[in-house]
Amino acid sequence: MRRFLTRTTSFLPKLVAAAASAAVVVCTKANPNLEGFHAEQDAGALTTTPPAAFPPGLTSSPQDRYFIKFAATTRENAPITPTPDAPPAAAPTAPAGRLILFFLPATQRWEGVSPADGPFFESLQPIASIAVGPIAEGASIAFDPRKATVFGGPLEALDGAWIVQAVLDCDFGERGHLGPGNRISKPQRVELAADRVDELLIELSDVIPTPRLPQTTTVEWITRKSTLLSRHYGRDFVLRAGVVLPYGYNDLSFDRRIWPTVYVVGGFGANHLAAFAAASALQSPVARAAVPQAVWIFLDPETPWGHAGFCDSETNGPVGRALVEEFIPFLEERFRLIAAPDARIVTGHSSGGWTAINLTLKHPDVFGACFASAPDPVDFSAFQCTDLYRDPNLFISRDGSDTPSHRSVLGPNDDRITMTVRDEIGSERAIDPSGRSGEQWASWEAMWSPFDPARNGPRPLCDPDSGEIDLVTAEAWSKHDISRQFSRDPSTIGAIFGERIRLLCGTRDSFYLNLAVARLKAKIEAWKAGERSKGVRVADGPGYIELLDGLTHDSLYPVAQIRFHQGIVEHLRAHGLAEAAPQPGGIRANDALGTGNRPNGAGAPNRDAQPIPRPRSGLTPPS
């Protein structure tokens with residue numbers, strides 16, 4: 001699910017104040033060598049005066065036209081100046097894309113925060129965007145707010161002190177508007193008033209750099225070209241992972257040479273870079289009794305469209321097949337992994353939780369165990385607070401109230417609705433109305449909707465203005481409804497849940513995901529009871545679905561991690577894949593030298609170049 005916090009509507013009434021005419025000038029000035037632009041901006045690089053003079057020939061307009069100018073630069077960011085011996089060079093062209101303006105109130109609460117890091121859902125954030133074609137740097141265009149896609153507006157109603165930041169989103173190689181190569185301005189404080197024309201000059205001075213991987217000896221960063229996805233996208237497409245090797249992996253005297261694997265799928269906004277933060281705990285000799293001893297592989301679940309959930313789709317392409325047919329076999333050979341289902345465990349939280357369940361159901365010959373917490377909806381008749389099969393509208397509940405999407409807990413029985421579905425989808429649409437925002441609902445549409453050639457993107461689930469649910473799209477989504485999959489084949493799906501899937505969710509989940517989990521749990525339990533009443537034997541395995549009282553989307557996570565680590569150890573032990581139990585003094589029986597403190601750093605002996613051992617006998621795919 002989402003990576004954001006809660007939201008209140010404290011300054012929404014200000015957005016319907018008397019209109020104020022405004023003229024905004026956005027200039028670009030390329031800086032491809034920029035490093036750490038987030039750190040620079042978050043440190044308070046706040047512009048309070050226009051960075052340059054108002055461009056000649058552009059005058060203020062009482063019709064609220066925003067002017068955008070692209071400053072002439074070379075690709076190396078040097079001014080274009082002709083030499084006596086050569087004609088002037090042609091100005092580079094800013095690629096086609098989407099120009100987005102992000103606003104935040106200029107208050108202490110938002111001090112040091114870059115508006116473009118939104119959308120934020122603690123408070124309504126005005127966002128506006130327009131499509132722009134290729135523009136020669138140095139040329140000017142007009143940003144007409146009346147023609148823009150706007151959330152939290154109209155823009156002419158903004159009044160008072162604001163922080164504004166502009167982004168030219170011309171990259172579609174990464175999820176979201178902060179992809180490498182996009183132009184971005186520094187946060188700038190502006191004063192907007194209803195009784196004057198505001199002339200604002202915003203300079204797109206920076207180019208977002210390609211992220212640099214942390215330099216570390218604790219994680220191996222893996223990039224592997226996918227033939228399947230490269231064919232789908234018509235360009236090279238790579239799969240990425242951060243691999244954390246267990247204690248003893250590089251120790252020649254360590255008894256174990258081949259390892260089970262825990263595949264980690266992060267929630268919305270998380271990717272393979274999460275391996276860096278987790279590595280020290282996973283590799284700690286002190287934590288070996290509590291942390292499953294395996295190779296931990298943190299997967300990148302994203303495509304340019306969003307969190308793909310490793311779910312094959314018309315939009316994202318065969319991402320699931322690419323994982324199980326291309327990436328996992330490569331990783332198993334590269335890292336001496338046991339190539340058997342019981343030795344492959346998949347786990348995730350939120351969107352990663354749904355992904356883990358779906359991978360286990362779709363590929364039972366690959367994954368032998370699943371540990372999922374607070375998954376995205378597992379029953380689409382309770383898609384948060386909407387029944388996609390009976391409710392006609394996504395924005396309006398049956399009682400006529402706005403459908404909530406996020407809540408914060410006020411007390412034992414009291415919640416505060418901090419975000420509605422209308423607001424959430426509206427903010428995504430303001431970033432990119434074609435479905436390319438890379439945010440939560442856009443990601444779901446890319447996963448489950450049919451591709452719409454007219455839109456050049458996935459078909460929306462609902463009308464963006466009215467919220468009316470599109471029945472064609474809802475029917476397409478139903479094919480990925482885990483609860484409906486169970487209803488169609490309860491014996492097969494029920495057995496996988498009973499034997500392999502451990503699912504936890506809090507009863508006060510912030511996104512109402514507990515409602516779907518409760519329905520799925522009730523449906524499976526009713527089926528088991530019905531089968532047993534007919535004398536049919538239904539085996540009880542280690543799988544479970546539990547709702548933990550009072551826990552939210554975030555407070556569940558640490559509880560689930562403790563439970564899941566213990567459960568993974570038990571799973572590995574049950575299948576002969578765990579390390580020996582610790583001996584007195586913390587030494588394990590399979591520490592060859594009995595010291596229990598062999599290093600696992602870059603200088604440790606390594607036998608990766610040696611032939612890869614075959615998986616131990618007796619490990620066969622479950623029937």
Side-chain angles (χ1 to χ4, degrees), residues 1-3 262-268 270 274 278 281-282 290-292 294 296 298-299 301 307 309 344-361 367-380 382-384 406-409 412 415 481-483 485-486 493-526 528 540-572 574:
M1 206 70 181
R2 308 143 183 87
R3 56 178 175 166
V262 179
Y263 291 94
V264 181
V265 186
F268 187 84
L282 294 176
V291 175
W296 290 71
F298 292 76
L299 299 170
H307 193 298
R344 301 189 194 100
I345 299 161
V346 60
T347 184
H349 180 74
S350 197
S351 292
W354 187 93
T355 302
I357 296 171
N358 187 62
L359 283 172
T360 305
L361 295 177
F367 300 101
C370 164
F371 295 81
S373 55
D376 283 1
V378 292
D379 187 322
F380 289 2
F383 201 94
Q384 296 182 275
H406 186 278
R407 61 180 170 180
S408 58
V409 174
D415 297 327
D481 182 340
I482 290 171
S483 182
Q485 294 175 35
F486 168 76
I493 302 299
I496 294 175
F497 266 95
E499 296 167 3
R500 306 190 188 191
I501 295 175
R502 290 82 161 171
L503 196 167
L504 295 175
C505 191
T507 60
R508 305 291 292 278
D509 186 87
S510 309
F511 301 99
Y512 303 91
L513 300 175
N514 55 295
L515 302 179
V517 172
R519 290 198 182 188
L520 176 62
K521 175 181 173 68
K523 187 177 290 186
I524 293 178
E525 290 179 347
K528 288 182 178 179
D540 286 320
Y544 55 77
I545 300 176
E546 294 184 16
L547 289 157
L548 304 186
D549 188 49
L551 296 185
T552 67
H553 197 71
D554 293 335
S555 64
L556 169 74
Y557 182 75
V559 175
Q561 291 304 294
I562 295 173
R563 287 276 302 273
F564 288 171
H565 281 191
Q566 179 183 0
I568 293 172
V569 170
E570 293 172 354
H571 168 83
L572 294 176

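The shown structure was predicted, so the numbers you read here are calculated from the model rather than taken from an experiment.
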Under the salt bridge (charged side-chain N to carboxylate O under 4.0 Å, His left out) test, residues paired with [X] that sit two or more places apart:
| X | result |
| --- | --- |
| D549 | none |
| R502 | none |
| K521 | E525 |
| R519 | none |

Taking all non-hydrogen atoms of both residues into account, name the closest pair between [X] and [Y] and its distance.
| X | Y | result |
| --- | --- | --- |
| L556 | C505 | CD2-CA, 3.7 Å |
| A290 | V569 | O-CG2, 4.4 Å |
| P301 | A270 | CD-O, 3.6 Å |
| P377 | A382 | CB-O, 4.3 Å |
| A356 | V346 | O-CG1, 3.7 Å |
| S510 | T552 | OG-CB, 3.7 Å |

Evaluate the criterion side chain to side chain contact (heavy atoms under 4.5 Å, CB included) for residue pair F511 and D376; output intermediate values, then yes/no.
-> CA-CA 9 Å; F511 301 99; D376 283 1; over 6 Å; no
Residues in side-chain hydrogen bond (donor to acceptor under 3.5 Å, both in side chains) contact with [X], at least two apart in sequence or another chain:
| X | result |
| --- | --- |
| S483 | D379, K523 |
| T507 | none |
| D509 | H553 |

Can you name the side-chain contact (heavy atoms from CB on, under 4.5 Å) partners of [X], sequence neighbours left out?
| X | value |
| --- | --- |
| Y557 | H349, Q561 |
| A278 | L282, F298 |
| A495 | E499 |
| E570 | Q566 |

Go through the steps for V262 and F371 under the test side chain to side chain contact (heavy atoms under 4.5 Å, CB included), then give the verdict.
-> CA-CA 10 Å; V262 179; F371 295 81; over 6 Å; no
Taking the side chain from [X] and the backbone from [Y], do they hold a donor-acceptor pair closer than 3.5 Å?
| X | Y | value |
| --- | --- | --- |
| R344 | Y263 | no |
| D481 | F380 | yes |
| H307 | G266 | yes |

To the nearest 0.5 Å, tell me how far [X] [atom1] sits from [Y] [atom2].
| X | Y | atom1 | atom2 | result |
| --- | --- | --- | --- | --- |
| I357 | I501 | CD1 | CD1 | 6.0 Å |
| C370 | L359 | SG | CG | 8.5 Å |
| T360 | F497 | OG1 | CZ | 9.0 Å |
| L513 | L547 | CG | CG | 11.0 Å |
| L503 | I482 | CG | CD1 | 8.5 Å |
| H406 | D415 | NE2 | CG | 10.5 Å |

Which is it for V265 and W354 under the side chain to side chain contact (heavy atoms under 4.5 Å, CB included) test, yes or no, and what are the steps along the way?
-> CA-CA 9 Å; V265 186; W354 187 93; over 6 Å; no
Indicate yes or no: at least one non-hydrogen side-chain atom of [X] is less than 4.5 angstrom from one of [Y].
| X | Y | result |
| --- | --- | --- |
| V559 | L548 | yes |
| Y544 | R563 | yes |
| P375 | V517 | yes |

Sequence neighbours excluded, which residues qualify as ring pair (Phe, Tyr, Trp, His ring centres under 6.0 Å) partners of F486?
-> W527
Just do the side chain to side chain contact (heavy atoms under 4.5 Å, CB included) check on F564 and I345 with the steps written out, would you?
-> CA-CA 11 Å; F564 288 171; I345 299 161; over 6 Å; no
